[in-house]
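Structure, as C-alpha cells:
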Amino acid sequence: MTNGTENKEPAKKSNFIHLQIEQDLKDNKNNGRVHTRFPPEPNGYLHIGHAKSICLNFGIAEKFGGKCNLRFDDTNPTKEEMEYVDSIMKDVRWLGFDWEDRLFYASDYFGKLYDFAVQLINEGKAYVDDQGAETISQQKGTPTRPGMESPFRDRSSEENLDLFQRMAAGEFDEGARVLRAKIDMASPNMHMRDPIIYRIMKAHHHRTGGKWQVYPMYDFAHGQSDYWEGITHSVCTLEFEVHRPLYNWFIDQLIEGDYRPRQVEFARLNLTYTVMSKRRLLELVKEGYVNGWDDPRMPTISGLRRRGYTPESIRSFSDRIGVTKVDGMIDVSLLEYSVRDHLNKTAQRVMGVLNPMKVIITNYPEGQEEEHDAINNPEDPEMGSRKVSFSRELYIEQEDFMEDPPRKFFRLALGREVRLRYAYFITCNDVIKDKDGNITELHCTYDPASRGGNSPDGRKVKATLHWVSVKHAVKAEVRLYDRLFNDEDPGGHKDVDFKEFLNPDSLNVLPECFIEPFVSDAKPLDNFQFERLGYFNLDFDSTPGKPVFNRTVPLRDSWTKEQNK
RNA sequence: UGACCUGUGGUGUAAUUGGCAACACGUCUGAUUCUGGAUCAGAAGAGUCCAGGUUCGAGCCCUGGCAGGUCAACCA
C-alpha cells in the first residue's frame with residue numbers, strides 16, 4: 001500500500017474501533033503496538049463483505065503505523081482448498097494491500113496447538129469425551145436451559161492424555177471421541193459449556209497433507225494464533241461476540257507477561273439485492289445459476305473486478321459505509337456511486353452503439369470519409385484527444401430516435417435537428433420502413449458548416465447523440481447486467497429459498513454492437529465510458545476479432561427517470 | 001423463561017468532558033453543459049425506539065419497557 005502522502009484518496013473516516021485503539025494507545029497497552037490480521041478461511045472466494053474487513057484491518061495498520069497479517073484459518077481440511085488460497089491472495093493484492101512477509105496459516109500452529117491441548121489436559125482443564133455428536137449436543141442444553149456434565153468429564157489426566165495421543169495417532173474413527181475444554185456446563189453462554197476443541201478427521205489437508213488425524217476447532221485455533229503472532233486487535237464480525245469470553249479464556253491459559261490480544265467485533269456488510277454468505281454464493285456457483293465465482297453479477301471481489309469495478313472504488317465504498325455494530329443493509333446504489341465517481345475521473349471516453357439504427361447522410365458524398373477530434377476524458381485534460389472517423393453511413397442508438405416524440409424527448413425525430421457528437425448537426429428527413437412497419441434506416445442531411453459540432457450561426461440543438469461510422473466501427477458483444485435478485489433481501493425470507501428471487505433478466509447479451517475502433521487495443525479489464533451509456537470494460541472472453549464488453553454500471557440517467565414519472 | 005449485542009432523516013454514518021442533531025448516498029428544484037453524464041447552487045426530509053428520572057440543559061447519564069439481531073455445527 002502506498003504510504004500516506006502520495007495517496008490522493010480522502011482521509012479515512014474514523015470509527016469506533018479507531019477510537020478504541022486510540023484509547024488503548026493512550027493507556028500504553030501492548031507497548032503501543034498495533035497489529036491486526038485478516039483471517040479468511042480458504043473455503044470460497046472473497047466477496048465485497050470481506051473487502052470491508054480487509055480495508056478495515058489493513059487500514060488500521062496503516063493509520064496507526066502498525067502491521068496487518070494475512071492468515072488463512074485452515075482448520076477444517078474437508079472444506080478448504082488451494083484454489084481458494086490463491087484466489088484470496090490475488091484479491092487482497094488487487095485491492096491494494098500488502099502483507100509483506102507476514103503470510104500465515106492456522107495450520108502453521110498445529111504443533112503448538114497440540115502441545116497447548118496437552119498442557120490443558122495436564123492441568124485438568126480438558127478431557128476426552130467418548131460420546132457421539134448427538135449425545136454431546138443433547139447434554140449441551142439450550143440457550144435457556146443449562147447443560148449437563150458428560151460422564152467422561154472427570155477422567156484422570158493420564159487417561160485423557162493417553163486417549164488424546166491415541167486420537168492423534170489415528171487409532172479411533174472419526175467422531176468416536178473429541179477433546180473438550182472443561183469450563184462450565186451451566187454457563188449462560190453456550191460457548192462456555194465445555195466446548196469441543198479437537199475432533200478426529202482423517203481428511204487430507206491442503207498444507208499438512210496426512211500428517212494430522214486430529215484438527216483443532218476454530219475457537220481453539222483463532223485466539224491462540226492471534227497470540228502467537230502478536231496480534232493486538234483481533235477484529236471480527238458480530239456473530240463472534242458471544243465467543244469472546246471463550247477467546248479470553250484460552251488466552252488466560254496461555255498468557256505470560258503483559259501482552260494480550262483483544263477481540264473487537266463489527267457488523268458485517270449486507271448489500272441490497274444480493275446474498276453475502278459463502279454458503280449461498282457457493283450454491284449459486286455449484287448449481288450453475290451463475291458462470292463461476294467471477295461471474296460479473298456476483299458480489300465477489302473477482303466478480304466485481306471482472307465487472308469493471310476498480311480497487312479504488314471498492315476502497316472508497318468501504319470507507320464511505322463506515323464501521324459500526326449496527327446490523328444494517330447498505331443500498332447497492334452507494335456501491336454504484338463509488339465506481340461511477342472513480343471511473344468518471346479516470347475512464348477513457350469512447351462512442352459505442354448498443355442497439356444500432358442505420359443512418360444515411362444523404363447529402364454526404366459516397367465514398368468520402370473524414371476524421372474529427374474527440375476528447376478522451378473531459379474530466380482529465382491530460383488524457384488528450386483522439387480521432388473518430390465519419391462517413392455517409394452511420395449507426396446511432398435506436399432509442400435516440402422517435403417517430404412520435406413525447407414532449408420532453410429532445411433527441412432525433414422527423415424534421416428535427418440534433419448534433420452528432422464531435423461531428424455535425426444532422427436533420428432527419430425520412431424514415432424508411434420494411435413491410436411490417438419496422439424502421440430499417442433513417443435518411444438525414446448534415447450541415448457542412450457545423451463541422452466539429454457547432455454551427456457558425458449560433459444555432460442550438462437540444463440533443464447530442466453518440467454514433468459510429470458503419471465502415472469503421474468494430475463489432476462487439478456487450479453484456480448488460482442487472483441485479484442478480486429481484487428482492488432487496490433475498491436471503492432474509494424464512495420460508496422462501498433465496499434462489500426463488502433470482503432475476504431472470506440479470507444477464508442480457510447484445511451480440512451485435514458497434515464500437516469505435518479505438519477499443520481495438522484494449523486489454524482485458526480496461527475501463528471505458530461509452531458516452532451517454534455507462535461504464536464498460538473488456539472481458540477476458542474477448543478474442544482478437546471479437547471484443548466482449550461488460551457493462552459495469554450505467555450512467556445516471558435523468559431521461560429514464562423522467563419517463564418513469 | 002437465558003446470555004450477549006444493537007436501536008439517530010428513505011439508506012449509511014457523525015455529533016469534543018451532557019450545549020442549536022451534521023455529512024454522504026438517494027430524492028426534488030434551478031443554473032450550466034457538444035454526454036439528459038459531470039459540475040455548481042439550493043430544497044425537502046429525523047428531533048434521535050417508547051416511558052419516566054437526574055440536570056439550567058440529555059442522542060449522550062440512570063431506571064423500566066419495546067423492537068431487532070446473535071448464540072443450542074465434531075463449521076468458521
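Letters go in sequence order (proteins before strands), and every chain restarts at 1. On a predicted model such as this, the values are computed, not experimentally measured, just so you know.
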Q.
Check whether A:R349 reaches the backbone of A:A347 with its side chain - one donor and one acceptor, N or O, closer than 3.5 Å.
A. yes
Is [X] touching bases, backbone alone, or none of the nucleic acid, heavy atoms closer than 4.0 Å?
X: A:E379; value: base
X: A:R411; value: base
X: A:V461; value: nothing
X: A:E562; value: nothing
X: A:D219; value: nothing

Q) Does A:Q563 make a side-chain donor-acceptor contact with the base of B:rG36, cut-off 3.5 Å? A) no
Q: Tell whether A:H243 reaches the base of B:rA76 with its side chain through a donor-acceptor pair below 3.5 angstrom.
A: yes
Rounding to the closest angstrom, what is the interatomic distance between [N] and [M] at atom [atom1]?
N: B:rG19; M: B:rG59; atom1: P; answer: 9 Å
N: B:rC4; M: B:rG9; atom1: P; answer: 27 Å
N: B:rC61; M: B:rG42; atom1: P; answer: 35 Å

Q: Would you kindly check if the NZ (Lys) or CZ (Arg) of A:R37 is within the cone defined by 45 degrees around the ring axis of A:F104 and under 6.0 Å from the six-membered ring centre?
A: no
Strictly below 4.0 Å: does [X] bring a side-chain N or O up to OP1 or OP2 of [N]?
X: A:R145; N: B:rA3; answer: no
X: A:R532; N: B:rG36; answer: yes
X: A:T75; N: B:rA76; answer: yes

Q. What string of B, S and - do you get for nucleotides 22-27 of chain B 5' to 3' if you count protein non-hydrogen atoms under 4.0 Å?
A. --SS-S
(Q) Give the residues of residues 163-172 of chain A touching RNA chain B, defined as any heavy atom closer than 4.0 Å, sorted by residue number. (A) none
Q: Check each residue of residues 267-283 of chain A for a non-hydrogen atom within less than 4.0 Å of any atom in RNA chain B, then write out the ones that pass by number, or none.
A: none
Q: Measure the distance between the ring centre of A:W559 and the centre of the six-membered base ring of B:rG36, then answer whether it is under 5.5 Å with planes under 30°.
A: yes
Q: Go ahead and name the base partner of B:rU6; Watson-Crick or wobble counts if both distances stay under 3.5 Å, otherwise write none.
A: B:rA67
